[in-house]
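What follows is a set of notes on a single structure, which appears directly below.
Naming: A, B, ... by sequence-line order, numbering from 1 per chain.
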2 protein chains.
Amino acid sequence: MKANDQQLQVPGLRMTKQRKEVYRALMENADHPTASELYETMQKSNDPMSLATVYNCLEALVEHDAIKQVNVDRNPTRYCQNAAQHGHFHDQNTGTIHDINFKPGTQLTDILDLPEGTEITDFEITIKGRLP
Amino acid sequence: MKANDQQLQVPGLRMTKQRKEVYRALMENADHPTASELYETMQKSNDPMSLATVYNCLEALVEHDAIKQVNVDRNPTRYCQNAAQHGHFHDQNTGTIHDINFKPGTQLTDILDLPEGTEITDFEITIKGRLP
DNA sequence: AATAAACTTAGAATTATTCTAAAAAAGGCT
DNA sequence: AGCCTTTTTTAGAATAATTCTAAGTTTATT
Ligand SMILES: [Mn+2]
Ligand SMILES: [Mn+2]
Ligand SMILES: [Zn+2]
Ligand SMILES: [Zn+2]
């Protein structure tokens with residue numbers, strides 16, 4: 001077992017060669033790549049895999065909360081390294097997507113008027129705008 | 001001019017027969033219909049229109065801030081009556097989508113750590129979960 | 001080893017949305 | 001009203017991200 005194989009463990013998910021590869025490729029690409037972009041990366045590696053497998057791996061990783069999906073409008077789904085709670089900012093000047101963290105101690109229910117006792121299983125926040 | 005034609009005015013947008021129809025159909029359907037669902041509604045009316053026109057009209061109305069788009073994951077885009085700032089709750093028990101209002105006096109920047117001076121042009125908040 | 005379950009794969013299929021190019025409608029002007 | 005220009009509508013074709021299928025491969029279990 002190599003030194004940094006630890007971070008490739010995902011509780012409850014069998015880490016196949018392909019899943020490890022996809023996960024690692026995403027960890028090395030901070031700018032929220034699409035499935036196709038990750039597939040292109042795979043093609044350049046020593047053991048390429050099919051596009052269907054890239055989709056399958058990403059789905060498995062999302063399902064096990066190891067990575068996040070990012071949907072901006074109807075654009076192709078992008079994938080995010082950051083498994084922690086956060087939102088996304090789509091900079092209309094550059095077209096890039098940035099992570100936006102919550103202010104410490106705050107949460108969605110601070111500003112949203114949800115019925116008492118609502119169970120939130122997931123959320124997605126995307127902001128479009130321009131940086132100063 | 002009929003009594004309730006007033007609400008069909010959208011500043012800066014020529015309100016054609018089709019745009020009025022699409023707008024009215026959406027105002028009469030509170031459960032966030034898709035373009036196809038609105039198209040089906042149109043077919044049952046006295047003057048049906050093409051699906052492309054439904055898409056065109058919805059796009060024009062969105063562009064002029066008369067209605068909103070709602071994207072939940074990769075599902076077909078839904079359209080929302082409510083032009084005011086709000087989020088959406090996707091109830092996983094029923095599959096329905098509800099509007100979620102901001103608590104009075106609060107805003108996104110209360111909880112999100114955006115760079116000082118960021119200009120927000122649009123945002124989308126979707127929450128998945130279960131009601132009590 | 002044998003069996004079963006999970007995973008990968010190529011390629012086909014799906015389908016929401018967009019595009020194209022032509023007809024129709026609307027608006028402006030005289 | 002007529003003429004000209006711009007916008008809108010339309011049917012149908014095209015696009016493309018994603019999912020599906022069914023067969024092979026790998027992995028786990030007995
Ligand atoms: Mn993210
Ligand atoms: Mn809405
Ligand atoms: Zn991110
Ligand atoms: Zn709504």
Spacing between [X] atom [atom1] and [N] atom [atom2], to the nearest angstrom:
X: A:N56; N: C:dT9; atom1: CG; atom2: P; value: 9 Å
X: B:L38; N: C:dA16; atom1: CG; atom2: P; value: 14 Å
X: A:D47; N: C:dT9; atom1: CG; atom2: C1'; value: 14 Å
X: A:N75; N: C:dT17; atom1: CG; atom2: C1'; value: 12 Å
X: B:M15; N: C:dG27; atom1: CE; atom2: C1'; value: 18 Å
X: A:E63; N: C:dC7; atom1: CD; atom2: C1'; value: 16 Å
X: B:L51; N: C:dA16; atom1: CG; atom2: P; value: 10 Å
X: B:K17; N: C:dG27; atom1: NZ; atom2: P; value: 14 Å

Does OP1 or OP2 of [N] have a side-chain N or O of [X] closer than 4.0 Å?
X: A:T16; N: C:dA6; result: no
X: A:Q18; N: C:dT9; result: yes
X: A:R74; N: C:dT17; result: yes

[X] side chain near [Y] side chain, heavy-atom distance below 4.5 Å:
X: A:K128; Y: A:D73; answer: yes
X: B:Y23; Y: B:I67; answer: yes
X: A:L58; Y: A:T77; answer: no

If you measure from the Lys or Arg side-chain nitrogens to the Asp or Glu carboxylate oxygens, is any gap between B:E37 and B:R78 under 4.0 Å? yes
Name the first nucleotide and the last nucleotide along DNA chain D (5' to 3') that come under 4.0 Å of a heavy atom in chain A. D:dA17 to D:dA28
Could you give the angle between the helix axes at the two ends of the helix from C:dA1-D:dT30 to C:dT30-D:dA1, with five pairs per end, rounded to 10 degrees? 30°
How about B:H88 and B:H86: does a side-chain donor come under 3.5 Å of a side-chain acceptor? yes
Indicate whether the side chain of B:D99 and that of B:N82 have a donor and an acceptor atom separated by less than 3.5 Å. yes
Look at all strands and tell whether A:T77 reaches a base, only sugar-phosphate, or nothing, counting heavy atoms closer than 4.0 Å. sugar-phosphate
Using a 4.0 Å heavy-atom cut-off, does B:T53 contact any base of the nucleic acid, only the sugar-phosphate backbone, or nothing at all? base
Any donor-acceptor N/O pair, [X] side chain to [Y] backbone, under 3.5 Å:
X: A:K103; Y: B:T109; value: yes
X: A:T96; Y: A:D91; value: no
X: A:Q81; Y: A:M27; value: yes
X: B:R19; Y: B:R14; value: yes

Between A:L13 and A:S50, whichever has its closest DNA chain C nucleotide further toward 5' is A:L13
Heavy-atom nearest nucleotide on DNA chain C taken for A:M49 and for B:E59; more 5' hit belongs to A:M49
